[in-house]
Each structure stands twice: as C-alpha cells, then as structure tokens.
Amino acid sequence: MDKFKEPIQVTKAFLPPVEEYIDLVKEIWERSWLTNNGPLHNELQEKIANYLHINNAILFTNGHLALDIAIKSLNLTGEVITTPFTFASTTHAIVMNGLEPVFCDINMEDFTIDVDKIEGLITEKTSAIIPVHVFGYPCNISEIEKIAKKHNLKVIYDAAHAFGVEVDGVGIGNFGDVSMFSLHATKVYNSIEGGVLAFNESELIKTFNTFKNFGITGLESVEQVGLNAKMNEFQAAMGLINLKHLDVQIENRKAVTETYREVLKDIPGISFLEDKVGIKHNYSYFPIIVDEKKSGISRNELYEKLKEYNIFTRKYFYPLISDFECYKGKYKDENLKNAKYISDRVLTLPIHGELPLEDVSKIAQIIKCIVE
Ligand SMILES: *Cc1c(COP(=O)(O)O)cnc(C)c1O
C-alpha cells in the first residue's frame, strides 16, 4: 500500500471556526477583563458543571496545577497509592507535594488500577489513592470506594482523559473526593490549556479558589500560602465554543474507533479495548496491544514501520513512570507485571474528531498488511 502523502499525527487539537472565537475575543476587548473570575470564566465553570453532571466544578489554568491543588487541599500525608501507567503529571504532582508514590499494578482488562492489589500496599502511612481513568476507561469505582472507606483514605481521580464519560448515567466526576480533568489542546475537549476539579463537597469550593489565587481571600487578607493557577478569559472563550462542538467530536471519534475495530479485529496478535456495558465512552484514545508471539512483529517494529507510511503513533505509556530516570529505584515498584507487559506492547493509533474514515481504514489496512 502507498504511504500517506501528508503525515498523520497521533492527534490533532480541535479548533472551532475562527469567527466563533473572534466574536468572543471582541467581547473581551470591550470589557478589558482578561482574567481573575471574568464573565466567560464564570459562564464556562457553570456550563462544565452541567455537562459533567456534578455539583461543583472549579476551573484552573491547566490540569496539572488542578491536581496539585487537589492534593494540597485534601492535606495528604505520607504515602499515596497510584499507578505507573499514566502521564508524568500524576506522579509528579504527588512527589512535588513531598509525598511518596507507591506504584500499584494495573489490570489487563482496561489498564486501570488493579483493585485486588491495592490493599497489599496500604501501610499506616497511606493517606490516599490517586487512580487514573486511563484512556477514558473508568476505574473499578465501587471497589476503590470500599477500600477507601475501610482504610479511611482519600481518593483523587486523575480523570484527565475522561471528560464526558458517564457510568450508568452518572458523570464520572462524581466519584471519589475530587476528580481532575485536563482541557489541554491534545485532549478530547480543550480550552487551549485548562483544568477542572469536579467534586460534590461544597466546602472545598473556597479552598480551591483560594489556592489558585495566591491564597488571597480579601482585599487585605491572605489566609494561606497559595499559587497562581487561574484560567484566563481567552482560555474560557475557547472552552465555551469548543463545548458546543464536543458532542459531534465525540460522535466522530466513535466512528473512528468503530472503523479501526472493524478492520483490526481479525489480525493475529493485535488486540484492543471494547466498549463496556453501562459506560458512555468519550473515545479519547485508541490503544492497541501488539503480541509479538502471535503477530510476528514487535510493538517497536510496528511503530517504526508505520512511520515509513507517514503514520505517527505513540508508545503511550512507555516507559512506565516507575522507570523514569527521575524515579527509577526510588520508590516501591514491585509486582508491576501487568503494567510492564502492557507498557512494552501498547501503541496508540491516530485518533481525533476530524480524521477522515477513509484514512482510518487505510491505517488499519496498512497495519494488516504489515502484520500479514
Ligand atoms: C494531560 C494529563 C495530565 C495533565 O494535564 P495538563 O492539562 O496537561 O496539565 C495529567 N494526567 C494525565 C493522565 C494526562 O493525560
């Protein structure tokens, strides 16, 4: 098969028709209100809470600082159980708060935290679990809740990949103490950069708002040590417009996913995640697992071969966080058998809401040709 003339990247940031953005930017010009709880920020905050079916949503300049502030606000101490199969941000947020990450393995069904291995990692120093709804697949929420209750632990979900996901009709942000969503350019839904903390406990509203604005609580009062993590009006404008386009984008991503599944389903040694009953998915990523024993080709070889066809995939997530230069050997990372297995074999294929289905079909056919 012929290579693609233009490179196909693993994702492409969604941009709305530029006129829609300019209209809102003109409003910002007229008001000269650029940041600090501007009207667009407040409107977006309300709309996101509605979209996520959650009592409270607070906006931040990015997802990482939102997670950082969630950790600070819940006063975590000692050890935090998390997984190494995620983006650097999750562990960095733990470590930069002076906490010790304890790496738990993932399960083979959807690559989220293996709930059967959590309790074995709990010590008297454990204060929280920070699981990840990786690739937008929900963790085993009910088991995590049981374990957290039994051992009196906080739960902060890294829901960076899971904007719009629902479990039996309930917005995914309703679980745990707090959930963090990322609105980064590369995510399903973006505000250029942006982050959201979603939660039901209204007492946290003031804490989060104070932390994100230098700890300032009044014209002449600063009650706590804080940082600057506010979302500005230009980000909020993009967020407001993109929210209107989101459902169509998710529908398009669904079609991309179904096209991949259709062509890839009979290729030996190539497997992928299916939709789960009761879950409203957001189709944020399309990971495949390459089993060399059956496919005759390794993940790394497939990755390189696809580049020759102008197809740029990602080894997402490889390496595991526990193997990063900055973490290797420093923290408990025993018994990560599944995480290592998946990390060595995973490849995420190109997916975004504007990827033509002919291209998707061709990418899948090329994989078929390469393997067979
Ligand atoms: C993107 C991402 C983050 C960080 O979000 P930003 O908005 O980029 O700061 C955290 N965790 C995971 C799993 C992510 O993919």
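In each ligand, atom 1 is the first atom listed, and ligand 1 is the first ligand listed. This is a predicted model, so every value here is computed, not measured.
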For this session: With sequence neighbours excluded, tell me which residues meet ring-ring contact (aromatic ring centres under 6.0 Å, His included) with Tyr260.
Result: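 For Tyr260 the ring-ring contact (aromatic ring centres under 6.0 Å, His included) partners, ignoring immediate neighbours, are Phe286.
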Exercise. Which residues pass the ring-ring contact (aromatic ring centres under 6.0 Å, His included) test with His64, sequence neighbours left out?
Worked result: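 With sequence neighbours excluded, His64 shows a ring-ring contact (aromatic ring centres under 6.0 Å, His included) to no residue whatsoever.
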For this session: With sequence neighbours excluded, give me every salt bridge (charged side-chain N to carboxylate O under 4.0 Å, His left out) pair touching residues 9-20.
Result: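 Applying salt bridge (charged side-chain N to carboxylate O under 4.0 Å, His left out) to every pair that reaches into residues 9-20, excluding sequence neighbours, yields Lys12-Glu354.
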Exercise. Should the pair Lys362 and Phe4 be classed as cation-pi, given the thresholds of under 6.0 Å to the six-membered ring centre and 45° from the axis?
Worked result: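 Lys362 over Phe4 ring: yes.
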Problem set entry | Check: Phe199 ring centre within less than 6.0 Å of Phe208 ring centre |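 Yes, the ring centres sit under 6.0 Å apart.
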Exercise. Can the ring centroids of His133 and Phe163 be said to lie less than 6.0 angstrom from one another?
Worked result: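 Not close enough - the centres of the two rings lie 6.0 Å or further apart.
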For this session: With a 4.0 angstrom cut-off on heavy atoms, strictly below it, pick out the residues next to ligand 1 and order them by chain and number.
Result: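 Protein residues near ligand 1 are Asn62, Gly63, His64, Thr86, Phe87, Ser89, Thr90, Asp158, Ala160, His161, Met180, Ser182, His184, Lys187, Gly194.
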